[in-house]
Asker: 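This is the structure I want to talk about, given as C-alpha cells.
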2 protein chains.
Amino acid sequence: MYRSNLESIFMPHDLSLLGAKTRPLPLPTSTNARNLDTHIAFLPEDKAALDSLEIRKRVFTKGCDIIHEGQQLQNAYILCSGWACSYKLMRNGTRQVINFYVPGDLIGIRRLLLPNSDDSLCAITRVEVGEINLQDLLEAFDGNGRLAMSILWSTLRDEAIVVQHLVDVGRRRPIDRVAHFFLELGSRLSLVGLGTKTAYQCPLTQSLIADALGLTAVHFNRVLRQLRELNAMTFHEGSVELLDAKRLERLADFDSSYLR
Amino acid sequence: MYRSNLESIFMPHDLSLLGAKTRPLPLPTSTNARNLDTHIAFLPEDKAALDSLEIRKRVFTKGCDIIHEGQQLQNAYILCSGWACSYKLMRNGTRQVINFYVPGDLIGIRRLLLPNSDDSLCAITRVEVGEINLQDLLEAFDGNGRLAMSILWSTLRDEAIVVQHLVDVGRRRPIDRVAHFFLELGSRLSLVGLGTKTAYQCPLTQSLIADALGLTAVHFNRVLRQLRELNAMTFHEGSVELLDAKRLERLADFDSSYLR
DNA sequence: TCACAAGTTTAACCCAGATTAACAAATGGT
DNA sequence: ACCATTTGTTAATCTGGGTTAAACTTGTGA
C-alpha cells in the first residue's frame with residue numbers, strides 16, 4: 001500500500017483538498033458565453049454553440065472545493081482562468097489525482113449526469129469559471145445538435161486524457177511518466193495560448209503531480225533531478241522548460257494528436 | 001520498466017492483438033436496433049432512441065481486431081454478444097488493457113470522434129456487434145436530444161469506469177485491485193443479465209487481466225491464490241465465484257453506484 | 001527582522017512486486 | 001491417442017521505488 005504524501009493531506013494547508021472548509025465565494029455575474037473567449041478548447045464552430053447558453057461567472061479561492069462529494073444540485077463549469085484538478089481520496093489516506101484542468105476546459109459534466117461519481121474537484125489556484133445550468137443544457141440539447149456534439153467531443157477528449165494517464169501509471173517507467181506529463185501539459189497549454197509547448201508556467205506542487213503520477217513526492221523529485229542532469233528539462237519556481245523536447249518525446253513515446 | 005507478459009504478445013496465438021492479421025468476417029445483415037435488445041446497458045428510454053438508427057450486424061472472430069490503429073473510416077458498435085477489450089501497445093512490448101467490454105456496451109465512439117486515439121479494440125471471444133454509421137449518428141443528433149443524451153451518458157459511464165481503473169492502478173494494493181476488478185465485472189454483467197454479482201462466467205485469461213491491472217501474470221496469479229486461501233473468491237476455468245463479497249467490498253472500498 | 005510553515009532536496013534502509021525458470025495442466029489439431 | 005501450443009502454478013532471486021527522517025529553501029505574517 002502506498003501512503004505517499006500523507007503528510008501533505010493532513011497538513012492545514014491542504015485541508016482544502018479534504019473538503020473540510022468549502023467557501024465558494026460567489027461573485028455571480030450573469031453574462032454570455034461569448035465573454036469567455038479568453039481560452040476555449042472547443043473547436044471554433046462549437047464555441048459558437050455555447051453562446052446560446054446563459055452563463056454566470058463564479059470565482060473560487062485557491063484550495064477550495066468546486067464540487068464536493070454528496071453535494072446535491074451540481075453544475076458544470078467552463079474554466080476561464082486558474083487551475084483545478086479532480087482527485088479521489090482513498091480510505092487509506094492516499095489520494096489519486098485524476099486530471100488537471102487548465103483554462104478552456106469543461107469540467108463537472110460527468111458529475112452532472114452521473115451524480116454518484118466519488119471523485120472531487122478542487123481549485124488549485126484562484127479560479128474563475130462560467131457556470132452552466134443543467135436545465136439549460138438539457139433544453140439546449142434538444143434543438144441544437146452542434147452543441148450536443150461539442151459537449152460529447154469535449155467529454156471524449158477528457159476520456160482520452162484519462163486513458164493516456166492510465167497507460168502512464170500502469171505501464172510506463174517513472175521517468176517516462178514525468179516526461180509524458182510535462183509534454184502533455186505543454187501541448188494543452190499552448191493550445192489555449194498559455195505559454196509554448198516547451199516553456200510554460202505551472203503552479204502545481206511536486207506532491208500534487210506525484211499524486212497524479214502514482215509516485216511519492218520524494219521519488220518524483222528524484223526523477224526531476226535525473227531529467228535536469230540529462231539536460232532534458234527543468235521545473236523551478238513554477239516555470240517549466242523542456243530543453244530537449246525530442247529526447248522527452250522519445251522517452252514518453254509521446255504523440256500529441258489525441259489532444260486535438 | 002515492466003515487461004510483463006511479453007511472451008504472450010509475441011507468441012503466434014496473440015498476433016491478433018498486434019493487428020497483424022485482421023479478418024473482420026462480415027456477415028452484414030441490415031436490421032433494426034430493436035433486434036438488439038438481448039442486453040442493453042442503456043436506460044430503457046434511451047434504448048428506444050437507438051431504434052431510430054439503422055444497424056447492420058457484424059461478427060468478429062475471437063482474437064480479431066475490431067478497430068485497428070490507422071484504419072480510415074471508423075464505425076461505432078454496440079456489443080451484442082461476446083467480450084472485447086481496448087488496449088494500447090507500448091513501444092517496449094508492454095501492453096495496457098484499458099477496458100473490457102461486455103454485451104450491451106457501446107464501443108468505438110471515442111475513436112469515431114477522435115480518430116487519432118492510439119489504442120486498439122480487440123475481440124476476446126467471438127463477438128457480434130451492431131454497426132452504427134457515423135453519418136446516421138450525426139444526423140440523428142440534430143433532431144433527437146434524447147439520443148444525444150443517451151450517447152453522452154454512455155460515454156460518461158465509460159469515462160467513470162476508466163477513472164476507477166486509474167485509481168485502481170495508481171493507488172490500490174494489488175489484492176485490492178483484483179477484488180475491485182471482479183466486483184466491478186460482476187456488477188456490470190449482472191446489470192445486463194449475464195450471471196449474478198457473485199457468480200459469473202469470465203472468458204479472460206490471467207495475463208489479460210494482469211495487463212489491465214498493471215501486474216505481471218505471475219503476480220496476479222499469486223494474488224488469486226491469496227484470495228482463494230482467504231475463502232474470498234475463486235476463478236477457475238472461466239468461472240468466477242465471489243464467496244465473500246462483503247470482505248472483497250471492504251478490501252476494494254467498492255461502491256457500484258458509478259455504474260448506474 | 002525573526003519565526004514558523006510549506007515545500008524541496010538528499011541519504012539510508014528495506015520490502016512488495018518484477019523477473020526468471022521450470023513444471024503441470026489444459027487445449028487443440030491431426 | 002498423440003504431440004504441440006497455450007495457459008496456469010509455484011519457488012527462488014533481485015531491484016525499483018516506497019518509507020522515513022532530517023537538513024535546507026522560500027515565502028509569509030507577526
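Letters go in sequence order (proteins before strands), and every chain restarts at 1. As the structure is a computational prediction, the values presented were derived from the model and not from experiment.
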Asker: Is the distance from OP1 or OP2 of D:dG17 to the nearest side-chain N or O of A:Thr216 less than 4.0 Å?
Answerer: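 Indeed not, no polar side-chain atom of A:Thr216 lies that close.
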Asker: Would B:Asp168 and B:Arg177 pass as an ion pair if we require N to O under 4.0 Å?
Answerer: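 Between B:Arg177 and B:Asp168 there is no salt bridge, as every charged N stays at least 4.0 Å from the carboxylate O atoms.
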Asker: Give me the atom names and distance for the closest heavy-atom approach of A:Val163 to B:Arg110.
Answerer: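 Heavy-atom minimum between the residues: CG2-NH2, 3.9 Å.
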Asker: Name the pairs: protein N/O against N/O of nucleotides 23-30 of chain C, kept only if under 3.5 Å.
Answerer:
none

Asker: All N/O contacts under 3.5 Å from nucleotides 8-13 of chain C to the protein, with atom names and distances to one decimal?
Answerer:
from, atom 1, to, atom 2, distance (Å)
C:dT8, OP1, A:Gln206, N, 3.3
C:dT8, OP2, A:Gln206, N, 3.3
C:dT9, OP2, A:Gln206, NE2, 2.7
C:dT9, OP2, A:Asn221, ND2, 2.3
C:dT9, O5', A:Asn221, ND2, 3.2
C:dT10, OP2, A:Arg225, NE, 2.7

Asker: Are B:Arg172 and B:Asp253 within salt-bridge range, i.e. N to O under 4.0 Å?
Answerer: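 No, B:Arg172 and B:Asp253 are not salt-bridged.
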Asker: To the nearest Å, how far apart are B:Arg177 CZ and C:dA18 P?
Answerer: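 Between P of C:dA18 and CZ of B:Arg177: 8 Å.
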Asker: Rounded to the Å, how far apart are B:His219 NE2 and D:dT15 P?
Answerer: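 Between P of D:dT15 and NE2 of B:His219: 18 Å.
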Asker: Round to the nearest Å and state the distance from A:Ile175 atom CD1 to D:dG16 atom C1'.
Answerer: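 Spelled out: CD1 on A:Ile175 to C1' on D:dG16 is 13 Å.
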Asker: State which residue, out of B:Tyr87, B:Phe181, B:Trp83, fulfils the ring pair (Phe, Tyr, Trp, His ring centres under 6.0 Å) condition with B:Phe100.
Answerer: B:Phe181
Asker: Nearest-Å distance, CG (A:Leu213) to P (D:dG18)?
Answerer: 11 Å
Asker: Is there side-chain contact between B:Leu242 and B:Lys197, with heavy atoms separated by less than 4.5 Å?
Answerer: no
